[in-house]
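Scroll down for the structure; my scribbles are underneath it.
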Amino acid sequence: MAAFSVITGAYGYTGKYIARRLLAKGETVVTLTGNPARPNEFGNRVQARPLRFDDSKELESSLHGARVLYNTYWVRFDYGNRTFARAVENTRVLIDAAERAEVRRIVHISITNPSLDSSLPYFRGKALLEEAIKRSGLEYAILRPAVIFGPEDILINNVAFFLRTFPLFAIPGGGEYELQPIFVDDLARLAVDAANAKDSFVADAVGPERFRFNDLVATVASSVGSRAKIVHMPPMVVLAALRVAGFFLGDVILTRDEVSGLLANLLVSADPPSGATRLADWLRENAGAVGARYSSEVQRHYK
Ligand SMILES: NC(=O)c1ccc[n+]([C@@H]2O[C@H](COP(=O)([O-])OP(=O)(O)OC[C@H]3O[C@@H](n4cnc5c(N)ncnc54)[C@H](OP(=O)(O)O)[C@@H]3O)[C@@H](O)[C@H]2O)c1
């Protein structure tokens with residue numbers, strides 16, 4: 001096989017948009033996936049190989065000959081034996097395999113404001129992996145999005161779903177904390193550009209708007225024509241209500257750590273935006289579809 005690119009998760013969310021862009025450029029694309037049978041749009045244009053972390057030799061041989069590894073693999077929360085700690089270990093196995101296979105470059109999707117000192121396993125785990133990548137012999141580009149939006153999005157879609165479905169929408173705390181969403185295809189463009197950059201680098205990847213959470217909810221509400229009354233409640237009360245809703249929906253809607261990350265203003269960047277698409281415009285154009293149905297993380301990754 002001629003030089004090719006490998007994506008972990010080309011049948012997933014961000015990975016799908018990266019795959020589309022690579023295929024449009026005429027590149028050969030391989031995906032490493034734990035779910036080769038997942039419905040996808042690519043057919044035989046993307047070859048699926050196993051993402052099995054207990055077989056590092058197989059991973060190495062799957063990566064052998066690859067020019068770039070785009071890594072989107074991660075978990076959103078601890079659930080069963082799929083924990084952050086395990087995801088960190090798994091990703092280390094992947095990085096080592098890429099190094100042994102002499103992959104030229106890794107484009108790794110991280111998160112804004114990762115920190116080794118963070119008490120939040122998501123942000124600490126991402127920081128540990130950034131360190132592991134920097135220590136590896138691989139050339140790297142680390143992109144740090146805050147929140148990603150697009151048709152397959154979960155967070156903003158479900159804000160819209162709750163605004164459409166219930167007469168009351170409760171914002172955790174004062175809602176003054178901010179976030180800077182990036183459009184999924186803008187992130188994919190940055191990832192593909194990053195694969196062709198010369199040097200190794202780390203960069204935030206955020207869109208042009210910076211929303212206070214209050215304003216984000218108001219923008220989504222007006223886009224979908226919601227008449228829900230928007231109120232503020234203590235984070236623990238909102239989380240308890242979401243746990244009950246999650247029981248009926250069969251999902252983990254929002255975790256305590258995710259709320260803590262929001263409240264700590266970790267989903268913003270001090271750098272200039274690198275995404276061009278405005279969420280407000282995108283919401284206007286997609287108002288009929290956003291939040292029309294609930295998007296379940298558990299359904300997507302555990303069923
Ligand atoms: N979505 C956001 O708003 C957001 C915000 C900031 C940063 N990020 C980061 O951006 C990257 C891509 O995010 P995404 O939302 O596009 O991810 P995604 O497509 O939902 O997941 C990426 C891949 O990770 C694997 N995966 C996800 N959850 C898993 C689980 N519970 N157990 C086993 N494998 C799992 C899946 O691989 P398989 O092919 O094996 O199923 C999936 O294709 C991630 O590293 C994430 O941390 C995302």
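Just so it is clear, the model here is predicted, and its values are computed rather than measured. First listed ligand is number 1; within each ligand, the first listed atom is number 1.
When only modelled atom types and interatomic distance are considered, Gln299 and Tyr294 share no side-chain donor-acceptor pair under 3.5 Å. In summary, the side chains of Glu99 and Ser136 do not present any donor paired with an acceptor at a separation below 3.5 Å, with no hydrogens or angles considered. A donor and an acceptor atom, one from each side chain of Asn265 and Glu178, are nowhere located under 3.5 Å apart. The closest side-chain donor-acceptor pair between Arg67 and Asn196 falls under 3.5 angstrom. For Asp204 and Thr112, the side-chain atoms include no donor-acceptor pair closer than 3.5 Å.
Considering every non-hydrogen atom in both Thr33 and Ala48, the closest pair reads CG2-CB, 4.1 Å. Summarising the geometry of Phe123 relative to Leu267, their closest heavy-atom pair is CZ-CD2, 4.1 Å, with the distance given to 0.1 Å. For the pair Ser110 and Ile142, the tightest heavy-atom approach, listed with the atom from each and the gap, is CB-CG2, 3.8 Å.
Between Phe169 and Phe162, the ring center distance fails the sub-6.0 Å criterion.
Each of the following atoms of ligand 1 lies closer than 4.0 Å to a heavy atom of Gly12: 19 (O), 43 (O). Listed by atom number, the atoms of ligand 1 under 4.0 Å from Arg38 heavy atoms are 41 (O). Less than 4.0 angstrom separates some heavy atom of Ile109 from each of these atoms of ligand 1: 9 (C), 10 (O), 11 (C), 45 (O). Counting the atoms of ligand 1 from 1 in the order shown, those under 4.0 Å from a heavy atom of Ser110 are 7 (C), 8 (N), 9 (C). Under a 4.0 Å criterion applied to the non-hydrogen atoms of Ile111, ligand 1 contributes the atoms 6 (C), 7 (C). Near Asn35, the atoms of ligand 1 lying under 4.0 angstrom from a non-hydrogen atom of the residue are 38 (P), 40 (O), 41 (O). Listed by atom number, the atoms of ligand 1 under 4.0 Å from Ala146 heavy atoms are 5 (C), 6 (C).
Within the cation-pi definition used here (under 6.0 Å to the ring centroid, within 45° of the axis), Arg49 qualifies as a partner of Phe4. Geometrically, Arg164 does not engage Phe161 in a cation-pi contact, judged by NZ or CZ lying under 6.0 Å from the ring centre and within 45° of the ring axis.
Nearest protein heavy-atom contact of atom 40 (O) of ligand 1 is Gly34 N, 2.7 Å. In terms of protein heavy atoms, atom 25 (C) of ligand 1 is closest to Tyr73 CD1, 3.7 Å. Atom 37 (O) of ligand 1 has as its closest protein heavy atom Gly9 CA, 4.3 Å. From the protein, the heavy atom lying nearest to atom 44 (C) of ligand 1 is Thr72 O, 3.2 Å. If you check which protein heavy atom lies closest to atom 47 (O) of ligand 1, you get Tyr122 OH, 2.6 Å. Taking atom 38 (P) of ligand 1 as the reference point, the nearest protein heavy-atom neighbour is Thr33 OG1, 3.5 Å. Remark: minimum distance from atom 14 (P) of ligand 1 to any protein heavy atom is reached at Thr14 OG1, 3.8 Å. The protein heavy-atom contact nearest to atom 42 (C) of ligand 1 is His301 CE1, 3.9 Å.
Heavy atoms of Lys126 found under 4.0 angstrom from ligand 1 belong exclusively to the side chain.
Ring planes of Tyr122 and Trp74: perpendicular class, angle over 60° (limits at 30 and 60°).
For the atom pair CE (Met236) and CZ (Arg256), the distance works out to 4.0 Å, reported to the nearest 0.5 Å.
Heavy atoms of Pro145 approach ligand 1 to within less than 4.0 angstrom. Ligand 1 lies nowhere less than 4.0 angstrom from a heavy atom belonging to Tyr79. Distances from ligand 1 to the non-hydrogen atoms of Leu155 include no value under 4.0 Å.
Heavy-atom proximity to atom 35 (C) of ligand 1, evaluated over Tyr13, Phe149, Trp74, is greatest for Trp74.
The shortest N or O to N or O distance between Ile148 and ligand 1 is below 3.5 Å. Not a single N or O atom of Thr8, backbone or side chain, sits closer than 3.5 Å to an N or O atom of ligand 1.
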